[in-house]
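All values below were derived from every heavy atom in this structure, side-chain atoms included, with hydrogens, water molecules and symmetry-related copies excluded.
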Amino acid sequence: MSQPVKESPLMEKISSLCKRRGFIFQSSEIYGGIAGFWDYGPMGAELKRNLRDLWWRAMTREREDVLGLDATIIMHPAIWKASGHVDTFSDPMADCLLTQKRFRADHVDLQSGMVFRFTGASGDEGTASAVAFAVLVPPGKPRESALKVAKQFYEQRGVKNAVVLGGEQGEKVENTRGFNPENGAQLTEPRPFNLMFKTYVGPTATEADVAYLRPETAQAIFAQFKNVLDTSRQKVPFGICQIGKAFRNEVTPKNYTFRSREFEQMELEFFIKPDEAVAAVCGSVAEWSESADLSVPADNWGWEMWHRYWVAQRTAFYQSIGLGADVLDYYWQTGDDLAHYARACVDILFKFPFGTEELEGIAARGDFDLTQHQTHCGKPQEFFDEELKAAVSGWDEAKRAEFVAVKTAEFRAKAEAAAAKAKRAATAEELAAAVARAEHWSARFFTGNYVPHVIEPSAGLDRLALAVLCAAFCEEDKADVNGKVERRTVLRFHPRVAPVKVGVFPLLKNRPELVAKAREVYAMLKPLMNCFYDETAAIGRRYARQDEAGTPFGVTIDFETLGEKGPELADTVTVRERDNGAQHRVKIAELKGWLLERLA
RNA sequence: GCGGGUGUAGUUCAAUGGUAGAACACGAGCUUCCCAAGCUUGAUACGUCAGUUCGAUUCUGAUCACCCGCUCCA
């Protein structure tokens with residue numbers, strides 16, 4: 001899926017343009033910067049705001065079935081315990097001292113054998129090292145193989161033709177994770193690697209006061225699911241969306257703003273009926289096929305149709321802001337990529353200059369998240385479905401027993417699969433717990449209650465802004481009036497996302513009538529759209545400046561406007577299009593409508 | 001976190017152990033009837049901190065940041 005480009009001078013051009021034109025600055029630049037943090041300048045702030053507003057409009061304002069939420073960044077730490085972030089975001093990591101390869105310290109295979117500990121090495125030309133190093137040799141292998149690895153280690157550190165010191169006697173060790181299974185070289189001490197930013201709430205700053213900056217916005221939606229459900233008169237299926245900052249202490253922020261430590265997410269959790277409920281109410285669940293109509297949701301849609309629907313919706317959104325099929329790609333996660341709770345996940349990828357990388361993930365997460373919170377907080381996170389209750393009330397004992405049996409088999413299989421992943425068999429307790437869960441699940445189901453399943457389109461706003469910038473970036477060579485070829489840079493933003501919509505220029509600035517008229521037009525347009533007034537330099541230069549800023553239209557007040565070229569042209573202006581230089585004469589009275597039509 | 005590379009005006013690049021220069025961009029003025037024209041003029045830089053030195057942007061070290069590769073990445 002990823003196709004790395006060797007060097008990316010294009011990316012450098014884009015980042016220097018972003019700085020030059022006030023799109024993106026390094027955070028805290030005057031103090032030398034801070035890795036993984038970026039600021040948006042005046043143009044970038046407008047661009048981002050446009051993208052944010054367009055997403056919000058498409059996701060909630062234009063829909064009946066999605067509501068907005070604006071939750072805090074710091075939440076109860078138990079949320080991150082329930083979501084799994086506390087455990088999986090704080091992996092201890094260890095590096096191989098020889099190859100620098102990194103391991104999850106708790107995932108290194110257990111090994112036994114003889115450990116040889118070396119105290120250093122001396123070599124030719126007075127080179128030496130006093131760094132301690134150890135090698136594990138599997139049972140039966142000679143000491144020489146340890147010496148070989150150690151020699152390599154010391155020679156890497158500049159000891160020429162190293163003679164290894166110490167390690168005459170091996171020491172028997174069992175079940176250690178301290179050595180690289182591939183070459184026996186010693187690993188560094190495990191270091192905790194918590195990707196969540198930690199802080200303290202309240203004045204005492206003890207371990208009891210630890211809180212985290214959210215590493216994703218999604219959990220707030222799950223945590224407020226019940227409140228939204230209870231106060232909004234919505235029925236499943238419906239969604240809750242949110243835009244906001246999230247924080248991850250990334251090991252390596254890279255590719256400009258693509259992987260940052262502070263970033264903005266736009267997430268939707270769309271809650272749907274479990275397939276069992278759809279089947280009970282509608283008789284069957286719609287099957288997805290290539291020819292399926294995804295335009296209007298239907299009652300008999302199960303998770304798969306909903307998942308496909310959201311992929312189509314999101315694709316249409318990208319299309320609407322100028323990111324078409326030519327710059328997008330899709331990656332359907334399978335098997336091992338897929339998180340254990342996910343049923344399916346599609347990444348929508350954008351062809352960045354540095355490779356094709358994820359813009360948005362659309363996951364079918366089952367009922368994992370709400371179930372986790374239900375378990376941890378002890379409060380039901382269920383939806384009571386009248387239709388389901390009515391549908392199952394007619395079921396006889398045999399049908400119910402059959403349902404419970406199917407559910408039980410499913411829960412048992414899940415428990416076994418989880419155990420298999422940890423390379424062991426499921427215990428009797430685990431299987432009994434699975435059966436109990438299946439019975440409870442079924443019992444709730446027969447009363448019309450279930451924990452909704454969820455489809456999660458999760459997009460990165462900063463990534464989207466970067467993608468839009470990359471897609472818009474365009475250089476063309478053009479000869480000027482003297483025939484000198486000059487390279488012009490144009491940001492071909494879709495008018496919807498362009499930070500500045502229109503530039504207003506008097507043709508000449510030393511003609512007060514032109515300037516006065518231009519100020520008038522500017523004042524007229526300013527309340528309706530972001531405009532920019534410019535009277536300095538030649539008109540061509542002003543056009544070029546706006547091209548580089550991605551402004552789609554330029555309005556020039558000229559002598560025709562003043563009626564000097566005949567009364568029929570009085571009070572008309574020249575409107576110039578950024579992408580092809582085409583000029584139109586538009587009456588000032590019709591200018592607002594003309595522009596708004598093209599910006600919509 | 002590891003390995004390699006790079007840090008000089010806003011940008012792209014020079015030069016230099018002793019006063020740092022250009023192009024473009026930017027500001028002001030003049031000029032200019034449609035695509036970076038011209039003239040005058042102005043402001044702006046050695047990432048940071050140490051060390052060596054009479055003197056460091058230059059040499060050394062550390063640090064910070066960026067880029068590439070690993071690693072990581074719900």
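Checked against a 6.0 Å centroid threshold, the rings of A/Trp306 and A/His453 do not count as neighbours. Aromatic ring centres of A/Phe258 and A/Tyr256: separated by at least 6.0 Å.
Looking at A/Asp534 and A/Arg541, no side-chain N of the basic residue comes within less than 4.0 Å of a carboxylate O on the acidic one, giving no salt bridge. In summary, A/Lys19 and A/Glu29 engage in a salt bridge, as defined by a charged side-chain N under 4.0 Å from a carboxylate O.
Judged by atom type and distance alone, A/Arg576 reaches the base of B/C35 through a side-chain donor-acceptor pair under 3.5 Å. You'll find a donor-acceptor pair under 3.5 Å spanning the side chain of A/Tyr543 and the base of B/C34, going by distance alone. In the interface, the side chain of A/Gln583 is paired with the base of B/C34 through a donor and an acceptor atom under 3.5 Å apart. Between the side chain of A/Lys254 and the base of B/C68, no donor-acceptor pair under 3.5 Å is found.
One atom, CG of A/Leu562, and another, P of B/C33, lie 13 Å apart when rounded to the nearest Å. In this structure, A/Glu12 places its CD atom 10 Å from C1' of B/C66, rounding to the nearest Å. Atom CZ of A/Phe37 and atom P of B/C66 are 10 Å apart (whole Å). In this structure, the CG atom of A/Asn249 is 13 Å from the C1' atom of B/C73, given to the nearest Å. Counting to the nearest Å, the P atom of B/A25 and the CG atom of A/Asp547 are 14 Å from each other. Here B/A74 presents its P atom at 11 Å from CZ of A/Arg365, a figure rounded to the nearest Å. Atom P of nucleotide B/C66 and atom CD1 of A/Ile24 are separated by 13 Å, given to the nearest angstrom. In this structure, CD1 of A/Ile30 is placed 14 Å from C1' of B/C64, rounded to the nearest angstrom.
At B/C26, one or more side-chain N or O atoms of A/Arg541 fall inside 4.0 Å of OP1 or OP2 (strictly under the cut-off). For the OP1/OP2 pair of B/U32 and a distance below 4.0 Å, the side-chain nitrogens and oxygens of A/Asn510 include at least one atom meeting the criterion. At the phosphate of B/C26, OP1 or OP2 sits under 4.0 Å from a side-chain N or O atom of A/Arg545. For the OP1/OP2 pair of B/A36 and a distance below 4.0 Å, the side-chain nitrogens and oxygens of A/Arg542 include no atom meeting the criterion.
Between the C1' atoms of B/G42 and B/U6, the separation comes to 32 Å (whole Å). Comparing the same atom, P, in B/A43 and in B/A37 gives a spacing of 23 Å after rounding to whole Å. B/A20 and B/G3 are spaced 34 Å apart, taking the C1' atom of each and rounding to whole Å. Distance check on atom C1': B/A25 versus B/A45 gives 15 Å, rounded to whole Å. Between B/C68 and B/G29, the two P atoms lie 43 Å apart (nearest whole Å). Atom name C1', nucleotides B/A56 and B/G47: the rounded distance is 16 Å, in whole Å. Nucleotides B/U44 and B/C49 have their C1' atoms positioned 24 Å apart, rounded to a whole Å. The separation of B/C66 from B/G21, taken at their P atoms, amounts to 31 Å, rounded to a whole angstrom.
No side-chain donor from either of A/Tyr331 and A/Gln333 sits under 3.5 Å from a side-chain acceptor of the other. A/Thr315 and A/Tyr330 share a side-chain donor-acceptor pair at under 3.5 Å. A donor and an acceptor atom, one from each side chain of A/Thr574 and A/Asp558, are located under 3.5 Å apart.
Which of B/C35, B/C34, B/C33 sits closest to the side chain of A/Arg488 comes down to B/C35. Comparing B/A74, B/C67, B/A65 by their closest approach to the side chain of A/Tyr256 singles out B/C67. With distances taken from any side-chain atom of A/Glu548 to the nucleotides B/C34, B/A36, B/G29, the minimum falls on B/A36.
Remark on RNA chain B: of its neighbouring residues A/Gln333 and A/Gly32, the 5'-side contact belongs to A/Gly32, judged by nearest-heavy-atom nucleotide. Nearer to the 5' terminus of RNA chain B, by closest-nucleotide assignment, is the contact made by A/Thr536 (compared with the other of A/Thr536 and A/Thr556).
Residue A/Glu216 is in base contact, counting any heavy-atom pair closer than 4.0 Å across all strands shown. Across all strands shown, A/Gly36 has heavy atoms under 4.0 Å from sugar-phosphate atoms exclusively, and none from any base. Within 4.0 Å (heavy atoms only), A/Phe505 reaches no atom of the nucleic acid at all. Among the atoms of the strands shown, none is found under 4.0 Å from any heavy atom of A/Leu17. A/Asn255 comes within 4.0 angstrom of the backbone, heavy atoms only, and of no base.
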Could you list the protein-to-nucleotides 5-11 of chain B atom pairs, N/O on both sides, closer than 3.5 Å?
from	atom 1	to	atom 2	distance (Å)
B/U11	OP1	A/Lys19	NZ	2.9

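Both tests do not hold together for A/Arg598 against A/Phe553: distance to the six-membered ring centre under 6.0 Å, angle to the ring axis within 45°. No cation-pi contact links A/Arg314 to A/Trp310, judged by a cut-off of 6.0 Å to the six-membered ring centre and 45° from its axis. Cation-pi contact between A/Arg261 and A/Phe247: absent, since separation from the ring centre below 6.0 Å together with deviation from the ring axis within 45° is not met.
A 6.0 Å sphere centred on NE2 of A/His76 holds no more than 12 heavy atoms belonging to other residues, nucleotides or ligands.
With a cut-off of 3.5 Å on both pairing distances, the Watson-Crick and G-U wobble pairs of RNA chain B assemble into stems of 3 or more at B:1-7 with B:64-70, B:10-13 with B:21-24, B:26-30 with B:38-42, B:47-51 with B:59-63.
For the atom pair A/Tyr212 OH and A/Trp80 CH2, the distance stands at 11.0 Å (nearest 0.5 Å).
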